[in-house]
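Just so it is clear, the model here is predicted, and its values are computed rather than measured.
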Amino acid sequence: MGDRNLSDFFQSYIKKQSIFINKKVLQDQHTPSEILHRKEQLGQIASVLAPCLRGEKPSNLFIYGKTGTGKTLAMKYAQGELESVAKDNNLPLQIIYTNCKMKKIAATEYRLIAELGRALGVDIPPTGLPTDEVYNIFFNRVVQAKALILVILDEIDVLVAKNSDEVLYNLTRMNADLQGASLSIIGISNDLRFTELLDPRVRSSLSEEELVFPPYNAVQLQDILRKRSTEAFKTNAIGPGVIEKCAAYAAREHGDARRALELLRVAGEIADRAESEQVGIEHLDLAEDKIEHDRMLEVVQTHPKQHQVVLLSMLRSPTHQGVVQTGTVYDTYRELCAPVGLRPLTQRRVSDIIGEFDMLGIINAKVHSFGRYGRTRNISVQIPSSLLPTVNAILQDALHLPRI
DNA sequence: AGTCCACAGGAAGGGCAGGCGA
DNA sequence: TCGCCTGCCCTTCCTGTGGACT
């Protein structure tokens, strides 16, 4: 494309009609004005947290539900409402939302407390102080603020996994000497089993109140998609059956609304690029492929070298009716290690790596017994054939191998 | 009934990097 | 800055096993 053409392209791009009005509505960060099919949960959140509007310390709350079930959304919504009521009535309420998945925030105890302190307006240096000191600064600030403080710890399982439950223990215990101020914790997790890792004392105080967010079913997903799509797309931009199929896709995968919305957005982008005036089923199917493809490429690209060599070995091993065995893969792997310049790992380890790829759905590995001829895993690669050349190229480049 | 293949996959521990308090 | 601790990757050693073959 020459300069002329490129500028033409940009010009026409601007003029081109898009079927989107507001794509943001379909994106993750968007908070809708109304939350569908979560009335009950919102009601429970409200009843647990309402005491803080009377100046009483609300119970700690633990919220559990799989990804895309609206936990964060509902909590943020409740936060907004509480804050505005508190403000209207001049109540000393402070709500701090933190997502523990953010590396900078919850990688260590220190950083989390420092972050909480900063949210209350004290300047805590990013490093340098003893952890005790940070706790003290935070503690004093809370006392001084004489406020009711709600700390929302989203993805709290990550926090506990990275540190220990000690942070939570310290935070829950803090109330004893707060002299009028108070601190409540709202934990959000998509892994229920994580509470089993907690010290019993922490567990019982964190889960004073518990709330479960069930997955959305297909009908509920349809409602959500319809609502959002009227804001996101022009009228009549969604073809017949698209919402239904989109909801069905997502419902099949444990009712994840986030995925459903992503699917619809990507389908819209594809339709847009095809200069279609309507999102049709065909765009939806393409979108599903695209999302799946992107995910696979992401996995292939980001894995460490040893894993990449193992994957390439599986692609290059001679197959028997589309299936390879662990031993064959390991032989190929050993041969590949030399040109790549890696020390070969043991078969035991490679076996585990194969298992990891299986978990990710990149391959399918079933244990199969050949009786007299041993027991092994039957491995078949699940990468769609349209993607194979790309995957091969990525791996060969990453490993500095000549392209085949 | 017993053998034996070709691994699966558990247990324990080595070695290393990165983060911690002192 | 140093030793210490922890988590992660990996190895070693091991026991387990489904079913064709004898």
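Here the C1' atom of nucleotide C/dT22 and the CZ atom of A/R372 are 9 Å apart, to the nearest Å. Rounded to whole Å, atom P of B/dC7 lies 11 Å from atom CG of A/N378. As rounded to whole Å, 5 Å separates atom P of B/dG9 from atom CZ of A/R377. A straight line from CD of A/E356 to C1' of C/dC10 spans 12 Å, rounded to a whole angstrom. Taking atom CZ on A/F370 and atom C1' on C/dG18, their separation rounds to 12 Å, with Å as the unit. Atom CZ of A/R349 and atom P of C/dT11 are 8 Å apart (whole Å). For the pair A/H303 NE2 and C/dC9 C1', the computed distance is 13 Å after rounding to whole Å. Regarding A/M359, its CE atom lies at a distance of 16 Å from the C1' atom of B/dA8, rounded to whole Å.
Nearest-nucleotide positions on DNA chain B place A/G374 closer to the 5' end than the other of A/G374 and A/V367.
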Considering only nitrogen or oxygen atoms on both sides, find all protein atoms under 3.5 Å from nucleotides 13-17 of chain C and state each distance.
unit_1, atom_1, unit_2, atom_2, d
C/dT17, O2, A/R375, NE, 3.1

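Ion pairing between a basic and an acidic side chain is recognised when a charged N comes within 4.0 Å of a carboxylate O; A/R252 and A/E288 show such pairing. Under 4.0 Å is where a charged nitrogen must lie from a carboxylate oxygen, and between A/D154 and A/K71 no such pair does. A salt bridge is defined here as a Lys NZ or Arg NE, NH1 or NH2 lying under 4.0 Å from an Asp or Glu carboxylate O, and A/E356 with A/R349 meets this definition. Residues A/K245 and A/D285 are paired through a salt bridge, judged by an N-O separation under 4.0 Å between the basic side chain and the carboxylate.
Each of C/dC10, B/dG9, C/dC21 was ranked by its minimum atom distance to the side chain of A/H307; first place goes to C/dC10. Candidate nucleotides C/dT12, B/dC5, C/dC10 were compared by shortest atom distance to the side chain of A/T346, and C/dT12 ranks first.
For the helix from B/dA1-C/dT22 to B/dA22-C/dT1, the end axes, each set by the C1' atoms of five terminal pairs, are bent relative to each other by 20° (nearest 10°).
Note on A/Q347: only backbone sugar-phosphate atoms sit closer than 4.0 angstrom, heavy atoms only; bases stay farther off.
Identified under the ring-ring contact (aromatic ring centres under 6.0 Å, His included) test for residues 312-332 of chain A, with sequence neighbours left out: A/Y330-A/Y333.
When every heavy atom of A/A74 is checked against every heavy atom of A/L42, the shortest pair comes out as O-CD2, 3.6 Å. Of all the heavy atoms in A/L61 and A/L211, the pair that sits closest is CD1-CB, 4.2 Å.
Aromatic rings from A/Y64 and A/F213 are positioned such that their centres are separated by 6.0 Å or more.
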